Amino acid sequence: MKNIVALISGRGSNMEAIVQACAAERWNARVAAVVSNRPDAAGLAFARERGIATVVVEHTRFASRESFDAELMRAIDAHAPDVLALAGFMRILTPGFVEHYRGRMVNVHPSLLPAFTGLDTHRRAIEAGCKVAGATVHFVVNEVDHGPIIAQAVVPVLPGDTPETLSARVLAREHQLYPRALRWLVDDLLEVDGRQVRQRRGEPQLLT
């Protein structure tokens, strides 16, 4: 059975979706630990209630990103991760950290990458006049929000949408998309060729 470690900074709703899908679909995997850089992250309580190990590595206690990432890596590796899932983890990771988990660390971003990397994605999509928005699950590389794309989900941008209303619809799709993409990774169904990711089983990599 493979080990998944999830990294969160707050509520961890995507982590919750992963835990629930893993149990309901009987994956050949388990969420072995949930790690946070914030001791008040609400998602930690969810994990503890389900018997999942939790770890807090507070970034404010470290003098540099490198020292924080070194301790974070030690905490993660104690759980022998096969997959590392960033689930609302609000830290930029150092190149050494990214390289250590290359090919097994994934993230979900609330836009249709490569559009709207970074923050304020929903406001920017609305202001740009986009007719659709969505979410992207991708492998993590050194350049933020630029890794090979595993899967995407599309939602319409509706008349009168605000960043908050659009965010809520996109998040609901993330909760479907992220577990699906993680299961492909757990089941060794993904092939990466440069920037192209192919899924051997032939399920749609685009949710509409």
Side-chain angles (χ1 to χ4, degrees), residues 1-12 14-15 18-19 29-41 43-44 47 52-111 113-121 135-151 174 177-179 181-198:
M1 179 173 287
K2 293 186 177 179
N3 290 328
I4 301 168
V5 174
L7 270 60
I8 66 172
S9 292
R11 182 161 59 98
N14 272 305
M15 174 271 294
I18 292 164
V19 170
R30 66 186 184 115
V31 178
V34 174
V35 181
S36 178
N37 64 310
R38 296 177 58 93
D40 59 349
L44 293 171
I52 299 170
T54 60
V55 184
V56 175
V57 183
E58 291 188 64
H59 65 275
T60 57
R61 296 180 179 270
F62 295 84
S64 67
R65 289 188 183 274
E66 288 76 14
S67 59
F68 167 72
D69 279 9
E71 179 59 21
L72 184 64
M73 194 183 305
R74 186 200 65 77
I76 292 167
D77 285 350
H79 298 278
D82 298 287
V83 175
L84 186 59
L86 306 186
F89 188 67
M90 304 304 290
R91 297 287 298 171
I92 302 297
L93 298 164
T94 57
F97 186 99
V98 172
E99 185 59 34
H100 183 69
Y101 298 106
R102 181 174 292 275
R104 52 187 172 133
M105 179 164 55
V106 295
N107 185 38
V108 62
H109 181 74
S111 81
L113 293 175
F116 307 120
T117 61
L119 301 176
D120 295 325
T121 57
T136 303
V137 177
H138 63 93
F139 285 106
V140 176
V141 297
N142 284 330
E143 192 174 0
V144 175
D145 299 331
H146 279 75
I149 293 170
I150 299 170
E174 289 179 29
L177 184 73
Y178 207 0
L182 275 185
R183 185 169 186 181
W184 294 339
L185 186 57
V186 163
D187 289 345
D188 299 316
L189 293 175
L190 298 179
E191 296 178 341
V192 183
D193 181 10
R195 294 191 58 81
Q196 302 291 317
V197 180
R198 299 179 182 87

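Predicted, not measured: the structure shown is a model, and the values here were computed from it.
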- Task: For Leu86 and Tyr101, run side chain to side chain contact (heavy atoms under 4.5 Å, CB included): C-alpha distance rounded to whole Å, both residues' side-chain angles, the deciding distance at 0.1 Å, then the answer.
- Result: CA-CA 12 Å; Leu86 306 186; Tyr101 298 106; over 6 Å; no
- Item | Any residue meeting ring-ring contact (aromatic ring centres under 6.0 Å, His included) with Tyr178, in chain and number order, not counting sequence neighbours | none
- Message: Which residues pass the salt bridge (Lys or Arg N to Asp or Glu O under 4.0 Å) test with Arg195, not counting sequence neighbours?
- Response: none
- Task: Can you sort out the partners of Glu71 under salt bridge (Lys or Arg N to Asp or Glu O under 4.0 Å), two or more places apart, ordered by chain and number?
- Result: Arg74
- Query: Any donor-acceptor pair under 3.5 Å linking the side chain of Ser36 with the backbone of Val56?
  - Reply: no
- Do the non-hydrogen side-chain atoms of Val144 and Thr117 ever get within less than 4.5 Å of each other? no
- Residues which pass salt bridge (Lys or Arg N to Asp or Glu O under 4.0 Å) with Arg30, listed by chain and number, not counting sequence neighbours: none
- Task: Check salt bridge (Lys or Arg N to Asp or Glu O under 4.0 Å) between Asp82 and all other residues, then give those that pass, not counting sequence neighbours.
- Result: none
- Item | Residues in side chain to side chain donor-acceptor pair (under 3.5 Å) contact with Arg102, at least two apart in sequence or another chain | Glu99
- Item | Under 3.5 Å: donor-acceptor pair, side chain of Asn3, backbone of Ala80 | yes
- Any donor and acceptor pair, going by atom type alone, linking the side chain of His79 with main-chain N or O of Asp77 inside 3.5 Å? no
- At what distance, to the nearest 0.5 angstrom, does CG of Asp40 lie from CD of Glu58? 8.5 Å
- Task: Please round to the nearest 0.5 Å and tell me the distance separating atom CG of Leu119 and atom NE2 of His109.
- Result: 8.0 Å
- Query: Which pair of non-hydrogen atoms, one from Leu185 and one from Gly103, has the smallest distance, and what is that distance?
  - Reply: CD1-O, 4.1 Å
- Separation between CD1 of Ile8 and CG of Leu44, rounded to the nearest 0.5 Å: 4.5 Å
- If you look at every heavy atom in Met90 and Ser9, which pair is closest and at what distance? N-OG, 2.8 Å
- Item | Exam field: side chain Thr121 to backbone Pro110, donor-acceptor pair closer than 3.5 Å | yes
- Distance-minimising heavy-atom pair for Ala6 and Met15: CB-CG, 3.8 Å
- Message: Can a donor-acceptor pair be found, under 3.5 Å and without considering hydrogens, that links the side chain of Thr136 to the backbone of Ser111?
- Response: yes
- Task: First locate atom CG of Leu182, then atom CD1 of Ile4, and finally report the distance between them rounded to the nearest 0.5 Å.
- Result: 5.5 Å
- Just checking, is any N or O donor in the side chain of Asp69 or His100 under 3.5 Å from an acceptor N or O on the other one? no
- Task: For residues Ala181 and Ile150, report the shortest heavy-atom separation together with the two atoms involved.
- Result: CB-CG2, 3.8 Å
- Message: Counting only heavy atoms from other residues, nucleotides and ligands, does the tally under 6.0 Å from CZ of Arg183 exceed 12?
- Response: yes
- Note on the structure: Between Ala135 and Leu177 the two heavy atoms that sit nearest each other are O-CD2, 3.7 Å
- Item | Contact summary for Gly96 and Met73, nearest pair of heavy atoms | O-CE, 4.2 Å
- Would you say the side chain of Val197 lies within less than 4.5 Å of the side chain of Trp184, judging by non-hydrogen atoms? no
- Message: In terms of relative ring orientation, are Phe68 and Phe89 parallel, tilted or perpendicular, with 30° and 60° separating the classes?
- Response: parallel
- Message: So, taking the atom named CZ in Arg65 and the one named NE2 in His59, what distance separates them when rounded to the nearest 0.5 Å?
- Response: 8.5 Å
- Note on the structure: side-chain contact (heavy atoms from CB on, under 4.5 Å) with Met105: of Val141, Val83, Leu7, Leu93, only one passes, and it is Leu93
